[in-house]
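Down below is the structure, laid out as structure tokens.
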Amino acid sequence: TIADVSGKGLDAAVLTAFVRFTIRSLAQRHHDPAAILTEFNETFGRTVDNSTLFITMLVGILDCSSGSFAYASGGHDSAYVRRSSTVDALAVTGPLLGVMDATYASKSVALAPGDTIVLATDGLTETRSRSGELLGEQGAIEWIAAGPPGAQNLADDLRKRVRRRSSNRPADDLALLVVRYTGASDA
């Protein structure tokens with residue numbers, strides 16, 4: 001799971017704690033990412049009394065034995081699968097969380113050994129050059145495609161590229177979750 005909360009300071013910190021606790025609790029009861037997001041959105045609407053706060057989030061479940069990655073995305077568009085020669089953006093499956101009642105849909109992608117899932121907050125796509133130009137989704141796809149093999153190496157490379165592009169002054173925070181699927185284990 002990766003999420004990005006609106007706001008700054010104490011409100012955002014409290015909301016982040018709420019998200020972490022609630023998603024962990026819901027994941028114990030549901031095994032479908034869409035069900036987790038749908039119930040989270042309902043809980044958020046009943047619990048948080050601040051109409052200016054919202055969340056983008058992607059909940060994913062990787063079946064390590066089959067390579068199936070099931071996910072649901074509430075307005076979270078910085079999610080990618082890198083295959084041997086291509087990078088595909090994962091589709092958003094529902095609206096932002098906390099802005100309206102909504103039912104979310106799950107999608108699934110089949111991973112082959114060596115494929116890499118890259119989940120990021122908008123600190124990746126919204127990083128700006130010295131002249132103010134946004135990197136954007138296409139730029140993120142190009143960086144991911146050009147990055148080194150290995151999950152940690154790719155995450156480190158993306159962080160370095162963000163710092164270099166923004167002259168070590170990124171305008172937004174950046175969270176990355178990079179997972180390389182190695183295939184079914186015989187363990």
Side-chain angles (χ1 to χ4, degrees), residues 1-6 12 16 19-20 23-24 27 33 36-37 55-94 96-97 106-187:
T1 298
I2 193 163
D4 202 356
V5 303
S6 63
T16 299
V19 169
R20 290 182 66 182
I23 289 297
R24 284 182 181 171
I36 293 169
L37 279 187
I55 303 162
T56 69
M57 185 182 322
L58 183 140
V59 173
I61 300 172
L62 175 59
D63 181 335
C64 292
S65 62
S66 70
S68 175
F69 180 66
Y71 74 94
S73 171
H76 197 90
D77 59 359
S78 298
Y80 311 92
V81 174
R82 180 171 82 173
R83 301 183 190 281
S84 61
S85 61
T86 63
V87 176
D88 298 314
L90 297 179
V92 172
T93 66
L96 299 169
L97 296 141
S106 287
K107 290 196 172 215
S108 183
V109 294
L111 301 177
D115 288 351
T116 303
I117 299 166
V118 179
L119 307 178
T121 56
D122 61 5
L124 177 62
T125 56
E126 293 182 5
T127 190
R128 292 184 181 271
S129 66
R130 289 184 192 115
S131 64
E133 180 184 350
L134 285 175
L135 177 66
E137 184 169 334
Q138 187 57 43
I141 287 171
E142 291 169 7
W143 281 7
I144 292 166
Q152 186 64 55
N153 291 338
L154 180 56
D156 290 344
D157 182 67
L158 292 172
R159 283 183 28 247
K160 287 176 190 172
R161 287 174 182 257
V162 166
R163 284 196 310 270
R164 190 169 41 245
R165 180 179 177 88
S166 65
S167 301
N168 283 325
R169 299 166 85 148
D172 199 359
D173 58 340
L174 173 65
L176 291 167
L177 176 61
V178 181
V179 177
R180 184 170 182 268
Y181 177 65
T182 59
S185 171
D186 295 333

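The model shown is predicted, which means the values in this text are computed figures rather than measured ones.
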Can a donor-acceptor pair be found, under 3.5 Å and without considering hydrogens, that links the side chain of Thr127 to the backbone of Gly123? no
Any side-chain heavy-atom pair from Ile117 and Val178 closer than 4.5 angstrom? no
Please say which of Thr56, Asp4, Leu177, Val5 ends up in a side-chain contact (heavy atoms from CB on, under 4.5 Å) with Thr121. Asp4
Side chain to side chain donor-acceptor pair (under 3.5 Å), that's the test. Do Arg180 and Thr116 meet it? Break it down for me. CA-CA 4 Å; Arg180 184 170 182 268; Thr116 303; 4.6 Å; no
Which pairs would a plain distance check flag for residues 141-153, meaning a side-chain donor or acceptor within less than 3.5 Å of a matching protein atom at least two apart in sequence or in another chain?
{"from": "Gln152", "atom 1": "NE2", "to": "Asp156", "atom 2": "OD1", "distance (Å)": "2.8"}
{"from": "Asn153", "atom 1": "ND2", "to": "Pro149", "atom 2": "O", "distance (Å)": "3.2"}

Under a 4.0 Å N-O cut-off, is there an ion pair linking Arg82 with Asp115? no
Side chains of Leu90 and Lys107 in contact at under 4.5 Å (non-hydrogen atoms): no
Minimal heavy-atom distance between Arg165 and Glu133, with the atoms involved, is NH2-O, 2.8 Å
Please step through side chain to side chain contact (heavy atoms under 4.5 Å, CB included) for the pair Arg159 and Arg164, ending with a clear verdict. CA-CA 9 Å; Arg159 283 183 28 247; Arg164 190 169 41 245; over 6 Å; no
Side-chain donor/acceptor pairs under 3.5 Å, residues 61-72, sequence neighbours excluded:
{"from": "Asp63", "atom 1": "OD1", "to": "Ser65", "atom 2": "N", "distance (Å)": "2.9"}
{"from": "Asp63", "atom 1": "OD1", "to": "Ser65", "atom 2": "OG", "distance (Å)": "2.6"}
{"from": "Asp63", "atom 1": "OD1", "to": "Ser66", "atom 2": "N", "distance (Å)": "3.3"}
{"from": "Asp63", "atom 1": "OD2", "to": "Ser66", "atom 2": "OG", "distance (Å)": "3.4"}
{"from": "Ser66", "atom 1": "OG", "to": "Ser68", "atom 2": "N", "distance (Å)": "3.2"}
{"from": "Ser68", "atom 1": "OG", "to": "Ser108", "atom 2": "OG", "distance (Å)": "3.0"}
{"from": "Tyr71", "atom 1": "OH", "to": "Ala91", "atom 2": "N", "distance (Å)": "3.1"}
{"from": "Tyr71", "atom 1": "OH", "to": "Ala91", "atom 2": "O", "distance (Å)": "3.2"}

Any non-hydrogen side-chain atom of Val81 less than 4.5 Å from a side-chain atom of Leu111? yes
Using modelled atom types and a 3.5 Å cut-off, is there a donor and acceptor pairing between side-chain atoms of Thr93 and backbone atoms of Ser106? no
One should read off an interatomic distance between Ser166 OG and Arg128 CZ, to the nearest 0.5 angstrom, of 11.5 Å
Separation of Leu37 CG from Met57 CE (nearest 0.5 Å): 6.0 Å
Spacing of CG belonging to Asp173 relative to CD belonging to Glu126, to within rounding of 0.5 Å: 10.5 Å
Which heavy-atom pair separates Leu119 from Ala79 by the least distance, and what is that distance? CD2-CB, 3.6 Å
Val109 side chain reached by Arg83 side chain, heavy atoms, under 4.5 Å: yes
Please list, chain by chain and in numerical order, all residues satisfying side-chain hydrogen bond (donor to acceptor under 3.5 Å, both in side chains) with Thr125, sequence neighbours excluded. none
Determine the minimum heavy-atom distance between Leu58 and Ser73, stating which atoms define it. CD1-CB, 4.1 Å
If you measure from OH on Tyr80 to CG on Leu124, what distance do you get to the nearest 0.5 Å? 6.0 Å
Going by heavy atoms in the side chains, are Ile55 and Leu96 under 4.5 Å from each other? no
